[in-house]
Structures are given as C-alpha cells and as structure tokens.
Number of protein chains: 2
Amino acid sequence: MDEIDRTIVNLLRADGRTSYAELARRVGLTAPSVQDRVVKLERNGVIAGYKAVIDSEAIGLGITALIGIIPDNSADHLDICERLRAIPQIESCYFLAGVECYQLKVRVPKMGDLERLIHRVGAIPGVAQTRTTITLSTKWEDRPQPIPEDGDGHGVG
Amino acid sequence: MDEIDRTIVNLLRADGRTSYAELARRVGLTAPSVQDRVVKLERNGVIAGYKAVIDSEAIGLGITALIGIIPDNSADHLDICERLRAIPQIESCYFLAGVECYQLKVRVPKMGDLERLIHRVGAIPGVAQTRTTITLSTKWEDRPQPIPEDGDGHGVG
DNA sequence: TGGTCCGGTCGATCTCGTCCACTACACGAG
DNA sequence: CTCGTGTAGTGGACGAGATCGACCGGACCA
C-alpha cells in the first residue's frame, strides 16, 4: 500500500469504471502492472467490490429513514441480526454502543411502507422499542475521504 | 425504465465493472443497445456514478461513529451545512426531522481523531449540542434492494 | 399509403484486457 | 564478491470489448 496504490484506490473510488489503461496513464505505469496492483488490492480485501451509485428517488425509493432499536433483556443478537438481514428495505445496519444498540438505514417508496416496516421490525423477538427518524434530505452520502498515510498493515493481508 | 433497464441497474449495482458485452448477454440484447440504455440511465440521473467499495479498516479508518447534532435557535442551516461539508471525515450527512436535526456518519483512524472531530463539530456556530455513538460493528452497509415495479417517472427526466 | 420516431441489429475499427517472457533491482547466503 | 531468489515493472501479441455509422422493422399519425 504505497503512494501509487493510494492513487489507484482514490481514482477507483471516484470512478469505479476507470479502465486499467487510464489508471496506468494517471500513475505512470503500464496497464499490466496496474492490473496486478488492483488484483492484489482486491485479494487483500482493500477493494471489496464495485457498485453503480443509483439515485434512490429515481427508482421510486423516495423515503429514507433511520430506525434505532432498543432491545430487551432477553435479546438474542444473532437472531435479531438474522431477522433484520431478511428485510430487504434495510440498506445498512450498524451495531452500536448505546441504549439503541442497532441503527438501521431504510428506504421505502411510500409512508405506508415505512409504517409496515416499523411494525415488522418492532415485532422481532428481543426488540423492546424502536425509534424512527425521517430524513428530510440527504446532504451527501458515502463521500470518500482521503486515505491516511499509514493506511497499510491493517488489511486482511 | 422497463424490465430490461431494471435488470441492467441491478447488475451494475451488484458489480459496477460489468462489461457491456456481459450485460448484453444477461438481458438478451446486443452490446450497443445496452450501452445506449446505460448512457440514457446515466443522463437521466438514475445511475449517478460508479464507485469502488473500499474496506475502511484496511485503509486505516478503523473507527466509525454516528454524530447527532442539536442546533440552537440561532442556527443558520446553510452555514452549518457548509462547515460540515468542509470536514472530510464526515462521509454522510442527513438532515432529519427531529430534535437532532443532523446525523453524521464519520470515520477516523483513532479515538483521538474522533475526539478532535467532535470538538470541531461542536464548535460550529449554531450547534448547541452533539451526541456521538460509536459503532461496534457494521453488520452491512449500502446493500442494494430490489427496484420497485413503478420506479419510473420519478427521475430527473 | 407514406413519413417519422424509436429501439434494435450488424459490421468495421480501434482500444483495452490479459497472458507470457524478459528485465531491473533489492536482499541474503555461501 | 557472486550467485540464487523474490518482487515489480516492461513490452509484445492476441483475443475480447467498446464504439461508431448504416441499416431494419414496428408503432404511430396524418
């Protein structure tokens, strides 16, 4: 993970479809060596994949909400997590240090869908209470930040 | 935005580097027509871009936290938003309906960085209080959900 | 009937991806 | 010092992919 790798990662974060030839021009190497580096980054788990960024509103998912989950004492977290994963509308799921031990980011087409979703989450065994907050607007999302200088040995290796 | 477009979008969400030739084989068209559809989806804003998915821990950003912001009465939201945007560690920023009117998702290398970051956010004029929650683990993040059937006319057009 | 638009196909051409052999350099052992 | 060895990069060759223009066929409408 040297300066060249960081440049490659930054370029691919900004545009995941950048060709190896283009990356090569940017970093001053040839396409095969860039490909070699990218393959290694993928194998090390630094690059976990590539995604198209979709406008949620454009595909009919106009409502975004955050749902916090407060568990009860009997909560079986493996089970809760599994049941949450089975709900497709939950796009992100974080396990938190706090009273609300999960936070979910969900997207739905209509308010009615959100209501049904909240009921479904609340009905999961071990969930004592949920707290939902509607997002009025997304200022920005998943903005890549610069890679710290010492960002090397922490990978899966 | 017909069935074929939805398939293309789903394939590109799962792997943003899928070639036009491969997409063409999957949807039963030729590469040029698939390319044509993709270009239109990009122009309509349905596909907003392509990103490599990076493992935060592997690049030294091992700590993820959620910061809620409670504003005071004098808060100038344009100004707050601008100042937040200038902080690179804030990867996502949502404007919420609730007492905590912003929620930030931040990533930092070390706890000390998080502390400095919280102080910096708290020092923004109009910010009365912040509430920070550490994420112990990310169960999943940005998982694509199926596109609803009527996901057509809502786009930028 | 004929014109036009839209979306698709086909073929030509250029670029890109990918594989392989070779090279340059750093490192350690004998 | 010399010799392997491992790592990283180069360059060439070849097949696959991207891209462009010309053409085709159905839907729609006067």
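Within every chain, numbering begins at 1; the chains are lettered A, B, ... in the order of the sequence lines, protein sequences first and strands thereafter.
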Exercise for the section: Name all residues meeting the salt bridge (Lys or Arg N to Asp or Glu O under 4.0 Å) criterion together with B:R120; count only those two or more places apart in sequence or in a different chain, and write none if there are none. Expected result: none
Fill in the blank from the handout: chain A reaches DNA chain C, atoms under 4.0 Å from its heavy atoms, from C:dC16 to C:dC19
Exercise for the section: Can you run down the salt bridge (Lys or Arg N to Asp or Glu O under 4.0 Å) pairs that involve residues 136-146 of chain A, sequence neighbours left out, and say none if there aren't any? Expected result: A:K105-A:E141, A:R107-A:E141, A:D142-B:K105
Practice task
Using a cut-off of strictly less than 4.0 Å between a heavy atom of the residue and any atom of DNA chain C, enumerate the qualifying residues of residues 21-42 of chain B by number.
Solution key: B:L29, B:T30, B:P32, B:S33, B:R37, B:K40
Fill in the blank from the handout: Under a side-chain separation threshold of 4.5 Å, the hydrophobic residues clustered together with B:L117 are A:L136, A:W140, B:I63, B:I67, B:I69, B:I80, B:L84, B:I87, B:I90, B:F95, B:Y102, B:L104, B:V106, B:V108, B:M111, B:L114, B:I118, B:V121, B:I124, B:V127, B:I134
Completion exercise
Sorted by chain and residue number, the side chain to side chain donor-acceptor pair (under 3.5 Å) partners of A:D79 (sequence neighbours excluded) come out as A:R83
Problem - side chain to side chain contact (heavy atoms under 4.5 Å, CB included) involving A:V99 - partner list, sequence neighbours excluded - result: A:I70
Exercise for the section: Not counting sequence neighbours, which residues clear side chain to side chain contact (heavy atoms under 4.5 Å, CB included) with A:R131? List them please. Expected result: A:E100, A:T133, B:R131
Exercise for the section: Give the first and the last nucleotide of DNA chain D, reading 5' to 3', that has any atom under 4.0 Å from a heavy atom of chain B. Expected result: D:dG17 to D:dC20
Handout entry: Salt-bridge criterion met for A:K110 and A:D113 (N-O under 4.0 Å)
Key = no
Problem - A:D2: partners by side chain to side chain donor-acceptor pair (under 3.5 Å), with sequence neighbours left out - result: A:R37
Exercise for the section: With sequence neighbours left out, write down each residue that passes side chain to side chain donor-acceptor pair (under 3.5 Å) with B:Y20, or none if nothing qualifies. Expected result: none
Practice task
Go through the structure and list residues passing side chain to side chain donor-acceptor pair (under 3.5 Å) with A:R25, not counting sequence neighbours.
Solution key: A:E22
